[in-house]
Number of protein chains: 2
Amino acid sequence: MSAHNLPKSRAEIVELLRRHRISPTQQRVEIAQIVLSKPQHLSADEVLALANQRGSRVSKATVYNTMGLFARVGLVREVIVDPSKVFYDSNVSEHHHFYNLDTGELTDIPAGAVELGSLPDLPQGTEAAGVDVIIRVRSSGAVGA
Amino acid sequence: MSAHNLPKSRAEIVELLRRHRISPTQQRVEIAQIVLSKPQHLSADEVLALANQRGSRVSKATVYNTMGLFARVGLVREVIVDPSKVFYDSNVSEHHHFYNLDTGELTDIPAGAVELGSLPDLPQGTEAAGVDVIIRVRSSGAVGA
DNA sequence: CTGCTTGCAAAGGCTTTGCAGAACA
DNA sequence: TGTTCTGCAAAGCCTTTGCAAGCAG
């Protein structure tokens with residue numbers, strides 16, 4: 001599963017949203033076009049900025065609603081690496097991340113470059129919902145404290 | 001390295017702080033006693049609550065300052081799993097976490113239960129600062145949406 | 001003494017919420 | 001036409017900051 005090949009045309013987006021039982025309103029389609037156009041990591045604020053920049057009139061509230069909705073249905077993945085903001089990753093296939101503490105840059109770890117053996121036993125009464133691996137890095141030469 | 005055996009006596013705490021070049025003020029010692037007394041995951045708010053509950057007069061600002069300081073010197077580890085708050089882990093040795101999305105509970109993954117092969121090549125110009133593995137789980141039977 | 005710390009309250013940044021008007025089916 | 005969605009602004013939560021008073025060495 002997974003591997004939508006990041007559609008672009010309005011029609012494809014509409015189709016994609018419908019498939020996820022999301023009614024394709026104008027704003028959702030615009031946001032989807034922006035976010036799903038290519039593999040990328042965007043904060044809510046960046047999505048809003050890109051939308052405005054494209055001339056779409058979308059409000060902050062709608063961006064949050066929409067990204068939350070997309071995350072819930074699996075169109076995007078939330079990446080939690082920074083306490084101050086959530087990143088949305090348009091690449092939903094299984095992969096992990098580097099997070100640069102100095103620049104705030106979030107990048108993908110090439111698929112298969114990190115191998116988790118088998119999952120450990122989960123706490124009793126729980127089922128797995130996802131595995132995140134984050135490798136925090138620092139720009140070489142960056143002065144600490 | 002690592003493996004402080006979670007000291008308890010005031011004298012040990014003072015000694016520990018000095019070793020980390022932190023001047024052992026009354027508040028820092030109290031907070032350290034609370035936090036480092038055993039392996040645990042606490043939010044800033046919980047640290048404050050525990051302090052007040054013990055009769056220590058410590059302000060919220062001081063809790064944040066102090067936990068930030070402790071994290072910087074490596075006395076505790078920040079765990080970022082929830083966009084809404086930071087957890088501080090008194091267990092500084094290398095290990096990973098389960099995070100229960102339904103209860104907000106953060107628990108340790110037994111050492112060695114997760115094996116990362118070798119680290120992948122880091123982005124150019126960066127050096128590793130830490131690796132976090134978070135296995136998100138959901139209470140079995142919890143109803144989604 | 002001199003500087004580092006603390007505490008209070010205000011400010012700040014991200015996200016959520018309430019509610020009226022607009023769009024969708 | 002009934003329901004769902006949008007947008008604005010206000011509210012909320014966690015965290016940081018400014019500044020005067022207090023403690024450490």
Side-chain angles (χ1 to χ4, degrees), chain A residues 10 13-15 17-18 20-34 41-52 54-73 75-76 78-88 101 104 106 145, chain B residues 10-11 13-15 17-32 34 41-52 54-73 75-76 78-88 104 106 145:
Chain A
R10 199 153 204 106
I13 292 284
V14 168
E15 176 43 27
L17 294 184
R18 286 232 161 83
H20 286 272
R21 308 183 153 266
I22 293 175
S23 68
T25 65
Q26 196 170 311
Q27 288 81 345
R28 286 169 178 170
V29 173
E30 308 242 334
I31 291 173
Q33 285 192 290
I34 291 167
H41 307 104
L42 298 172
S43 64
D45 224 47
E46 292 171 327
V47 173
L48 180 61
L50 287 171
N52 289 332
R54 261 181 53 146
S56 322
R57 24 184 179 27
V58 181
S59 71
K60 185 179 296 190
T62 296
V63 169
Y64 277 103
N65 284 337
T66 302
M67 296 311 292
L69 179 59
F70 285 3
R72 242 172 291 128
V73 303
L75 277 173
V76 300
E78 288 184 339
V79 184
I80 319 275
V81 287
D82 185 316
S84 75
K85 60 171 181 279
V86 174
F87 283 99
Y88 295 96
L101 298 168
L106 185 64
Chain B
R10 201 154 201 106
I13 292 284
V14 168
E15 176 43 26
L17 295 183
R18 286 231 161 84
R19 221 179 299 144
H20 287 271
R21 308 182 153 269
I22 293 175
S23 71
T25 64
Q26 195 171 312
Q27 289 82 342
R28 286 169 178 170
V29 173
E30 309 241 335
I31 291 173
I34 291 167
H41 308 104
L42 298 172
S43 64
D45 225 47
E46 292 171 326
V47 173
L48 180 60
L50 287 172
N52 289 333
R54 260 182 52 148
S56 321
R57 26 189 176 21
V58 180
S59 69
K60 185 180 295 190
T62 297
V63 169
Y64 277 104
N65 284 338
T66 302
M67 295 312 291
L69 179 58
F70 286 2
R72 243 172 291 127
V73 303
L75 277 172
V76 300
E78 287 184 340
V79 183
I80 320 273
V81 286
D82 185 317
S84 75
K85 60 173 182 278
V86 173
F87 283 99
Y88 295 97
L106 186 65

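Heavy-atom basis, side chains included; hydrogens, waters and symmetry copies ignored. Note that this is a predicted model, so its numbers are computed, not measured. Below, chain A is the first sequence line, B the second, and so on; all start at residue 1.
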Q) Closest nucleotide of DNA chain D for B:A44 versus for B:T25: which of these residues is on the 5' side? A) B:A44

Q. Would one find a side-chain N or O of A:T62 under 4.0 angstrom from OP1 or OP2 of D:dG7?
A. yes

Q: Please state how far atom CZ in B:R57 lies from atom P in D:dG22, giving the value in whole angstrom units.
A: 14 Å

Q: Could you state the atom-to-atom distance from CE of A:M67 to P of D:dT6 in whole Å?
A: 13 Å

Q) Do B:S84 and B:D82 have side-chain atoms, one donor and one acceptor, less than 3.5 Å apart? A) yes

**Q.** Proximity to the side chain of B:K85 - top-ranked nucleotide from D:dT15, D:dT6, D:dT17
**A.** D:dT15

Q | Distance in angstrom units between A:N65 CG and C:dT16 C1', rounded | A | 9 Å

**Q.** Whole-Å gap separating C1' (D:dC23) and CG (B:L17)
**A.** 16 Å

**Q.** From C:dT15, C:dT5, C:dA9, nucleotide with atom closest to B:A61 side chain
**A.** C:dA9

Q.
Applying a 4.0 Å non-hydrogen cut-off, can you work out what B:R18 is touching in the nucleic acid: base, sugar-phosphate, or nothing?
A. sugar-phosphate

Q: Measure from the side-chain N and O atoms of B:E30 to the backbone N and O of B:Q27, and report whether any donor-acceptor pair falls under 3.5 Å.
A: no

**Q.** Between C1' of D:dC14 and CG of B:L42, the distance in whole Å
**A.** 16 Å

Q | Side-chain N or O of B:Q27 closer than 4.0 Å to phosphate OP1/OP2 of C:dG7 | A | yes

Q. For A:Y64 and C:dT16, is the shortest distance between a side-chain N/O and OP1 or OP2 below 4.0 Å?
A. no

Q. Below 4.0 angstrom from OP1 or OP2 of D:dC5, is there any side-chain N or O of A:S23?
A. yes

Q.
So does A:S23 get a backbone contact from the side chain of A:R28, meaning a donor-acceptor N/O pair under 3.5 Å?
A. yes

Q: Give a yes/no on whether any side-chain N or O of B:R28 is located under 4.0 angstrom from OP1 or OP2 of C:dT5.
A: yes

Q: Starting at atom CD of B:E30, determine the distance to atom C1' of D:dA24, rounded to an integer number of angstrom.
A: 16 Å

(Q) Between C1' on C:dT15 and CD on A:E46, what's the gap in Å once rounded to a whole number? (A) 16 Å

Q | Nearest-0.5 Å distance, CG of residue A:L42 to CD1 of residue A:I31 | A | 11.5 Å

Q: Please report the C-alpha distance between B:R21 and B:V73 in whole Å, then the side-chain angles of each, then the deciding distance to 0.1 Å, and finally whether the side chain to side chain contact (heavy atoms under 4.5 Å, CB included) criterion is met.
A: CA-CA 9 Å; B:R21 308 182 153 269; B:V73 303; over 6 Å; no

Q: Take the protein atom CD of B:E78 and the nucleotide atom C1' of D:dC14, then report the distance between them rounded to whole Å.
A: 13 Å

